[in-house]
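Report on the structure given below.
Both ligands and their constituent atoms are indexed starting at 1 by order of listing. Predicted model only: the values in this text are computed from it and were never measured. All residue numbers refer to positions in the sequence shown, counting from 1.
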Amino acid sequence: MGHFPEGFLWGGAVAANQCEGGWREGGKGPSVEDHLKGGDVHTPRQYNRVIDPDAYYPSHESVDFYHRYADDIKLFGEMGMKIFRTSINWSRLYPVGDEPEPNPEGVAFYRSLFQCCRDNGIEPLVTISHYEIPFGLAEKYDGFVSRKTIDFYLNLCRTIFTEYRGLVKYWLTFNEINITQHGGLAAFIGAGVMPEGDVAYMDFGIKPTKEELSRSYTALHNQFLASALAVKLAHEIDPDYMVGCMVAGGPSLYPYTCAPADVLATQQKLQQDTWFVGDVQVRGYYPGYMLRFFAENGIDVHMEEGDEAILREGTVDMYTYSYYMTNCVSTDPEVAKSQGNMAMGVPNPYLKMSDWGWAIDPDGLRWSLNEVWDRYQIPIMVVENGFGAIDERAEDGKFHDDYRIAYFREHIKAMGEAIADGVNLIAYTTWGCIDIVSAGTGEMKKRYGYIYVDKDNEGNGDLHREPKDSYYWYQKVIATNGEDLA
Ligand code: BG6
């Protein structure tokens, strides 16, 4: 295995809506995520336009990071974390989204949080928008379908780039920007594209209509513009800022068979679902395969004169992505589909799966890192990777999460191999370093953390924190810069 470079940024990641809670505190307005009820692996999450006061919405309390962040970050610091990824809950700063000035309490909150990271020797890595667009922007403007939302996003960026200068260096413009293109509730949480009707379900099996896809791809186009303008603005405010794109899933698909039709279908799926957003944000222009796809499928993406120049001038400084699993692509309609949460595809018979149907594939991580590096040649961060599992307290009263350690060990080895292959990987932030609400199902029992949080799926529990075995294991990994994985 290759050695991790000196100064490699080991860390963990969360998103504000999945950990903070305090959904109406400090002047915060509702975000899109605040309108989603909890579900489970069999029950899709439900969206309500009007929040039902008697129903359970996981983001409203989450794991109360809003009040407990100082203790949590202290635990991260004691673990040795070098970098901590979290997001700005946009509606904490702009409660409706279109206000001319930010809410001072929200601004103060993130200043304290980032200062606390620094005090504990941790570099913050900040996602500007992680499924947290203000619900007001969705209702009033149809989210990023409207170009006005680009301006509101840039107001947010101007505020945070100015206010947190000297505290934050690394920024990500949109979490998993490629989810917007899938339409439905994915486009709602990704870009505030308003669902039809008062109730809708997170069902990734529903095929969007041509009209819906035109709206989603237009919203995505406006997010590309917003991201490009944000990169430019960031560099104007501080030339040392490093701004990245953030892409879902990594290019992690295999042809189910070596039939040329399967190989070609895999290439096309990779292009459309993964490379497309990276190509626009890193290279600065729409790739030909996507223009063909729009033309052949009657998808009308609203673009204006001058947009091309904006995209070209606002390319990102680094490529970051989430990597959990891989799937296969088959052209045979009989081959069964697995529906493991937000990622759909044909299961790979060579790989084991988690309880949520996510295939465990460390080699796929090495493969994807090489692919990304070959394609873009800019610094890379793996900003999400982890194992969602049910953790049971053992007889000795502790959490022995050896399955999680095994998952991380193999994925870290794979990253070491990719570094030896020549990939410029600079950071690794494992997902849900403390237990948080699952984005896909809204559950607490799908846990990713090194630190256990006492809360169940129904919201019961006293929220106290306890390190699991993986906490001490990762502490050793960081202390030895990835040399000791035993
Ligand atoms: C990514 C998201 O899709 O996967 C996270 O960026 C999410 O917000 C993570 O939590 C894991 O998915 P889930 O559904 O297990 O929480």
Side-chain angles (χ1 to χ4, degrees), residues 12-20 31-34 36-45 58-59 62-63 65 85-90 125-133 172-182 185-191 201-204 244-250 252 273-274 277 320-327 338-345 353-360 365 381-391 404 407-408 411 429-449 453 455 457:
V14 295
N17 74 85
Q18 289 170 259
C19 70
E20 281 178 8
S31 72
V32 287
E33 195 67 38
D34 292 329
L36 282 184
K37 282 186 182 168
D40 60 41
V41 69
H42 307 294
T43 322
R45 299 187 71 180
S59 67
S62 298
V63 296
F65 186 71
R85 173 179 176 228
T86 188
S87 62
I88 300 272
N89 218 331
W90 186 343
L125 165 62
V126 179
T127 317
I128 299 168
S129 179
H130 189 134
Y131 309 160
E132 287 134 358
I133 180 168
L172 308 180
T173 52
F174 289 98
N175 182 65
E176 297 190 331
I177 190 166
N178 42 338
I179 82 152
T180 298
Q181 69 198 75
H182 298 298
L185 282 194
F188 172 63
I189 61 171
Y201 294 89
M202 287 279 247
D203 186 343
F204 295 92
C245 58
M246 197 302 201
V247 180
S252 40
D273 289 0
T274 306
V277 291
T320 86
Y321 70 110
S322 55
Y323 179 89
Y324 292 92
M325 63 173 141
T326 53
N327 282 316
S338 93
Q339 294 208 1
N341 192 351
M342 294 196 201
M344 292 191 304
M353 296 235 190
S354 79
D355 290 343
W356 278 265
W358 291 20
I360 302 165
L365 177 56
M381 292 184 173
V382 174
V383 293
E384 286 187 31
N385 173 239
F387 190 62
I390 296 171
D391 292 330
R404 184 167 293 112
Y407 178 98
F408 283 131
H411 285 77
T429 58
T430 66
W431 182 247
C433 45
I434 181 166
D435 290 346
I436 54 176
V437 171
S438 154
T441 64
E443 291 171 287
M444 269 308 296
K445 78 171 187 197
K446 188 180 187 190
R447 297 174 184 273
Y448 286 89
V453 174
K455 181 166 176 176
N457 269 6

If you take all heavy atoms of M246 and L172, which pair is closest and at what distance?
-> CG-CD1, 4.1 Å
For ligand 1, which part of A15 has a heavy atom less than 4.0 Å away: the side chain, the backbone, both, or neither?
-> neither
Based purely on interatomic distance, does H130 place a nitrogen or oxygen under 3.5 Å from a nitrogen or oxygen of ligand 1?
-> yes
Judged by heavy atoms only, the candidate from G442, S438, A248 nearest atom 13 (P) of ligand 1 is S438
Answer whether the closest heavy-atom distance between the side chains of I360 and H411 falls below 4.5 Å.
-> yes
From CD (E33) to CD1 (I189), nearest 0.5 Å | 5.5 Å
Ligand 1-proximal atoms of W356, by part, heavy-atom distance under 4.0 Å = neither
Do you know which of E443, R45, M444, K455 makes side-chain contact (heavy atoms from CB on, under 4.5 Å) with P58?
-> R45
Close side-chain approach of M325 to W356, heavy-atom, < 4.5 Å | no
Output the list of atoms in ligand 1 that are nearer than 4.0 Å to some heavy atom of Y324, sorted by atom number.
-> 4 (O), 9 (C), 11 (C)
Using heavy atoms and a threshold below 4.0 Å, how should the contact between I436 and ligand 1 be classified: side chain, backbone, both, or neither?
-> neither
What atoms of ligand 1 come closer than 4.0 angstrom to any heavy atom of G440?
-> 13 (P), 14 (O), 16 (O)
Mind checking whether A439 has an N or O less than 3.5 Å away from an N or O of ligand 1?
-> yes
What atoms of ligand 1 come within less than 4.0 Å of a heavy atom belonging to N175?
-> 6 (O)
Donor-acceptor pair, side chain of R447 and main chain of D391, under 3.5 angstrom | no
Across all chains, not counting sequence neighbours, the side chain to side chain contact (heavy atoms under 4.5 Å, CB included) partners of S129 are W90, Y153, F174
Applying a 4.0 Å heavy-atom criterion (strictly less than), which segment of W358 is in contact with ligand 1: side chain, backbone, both, or neither?
-> side chain
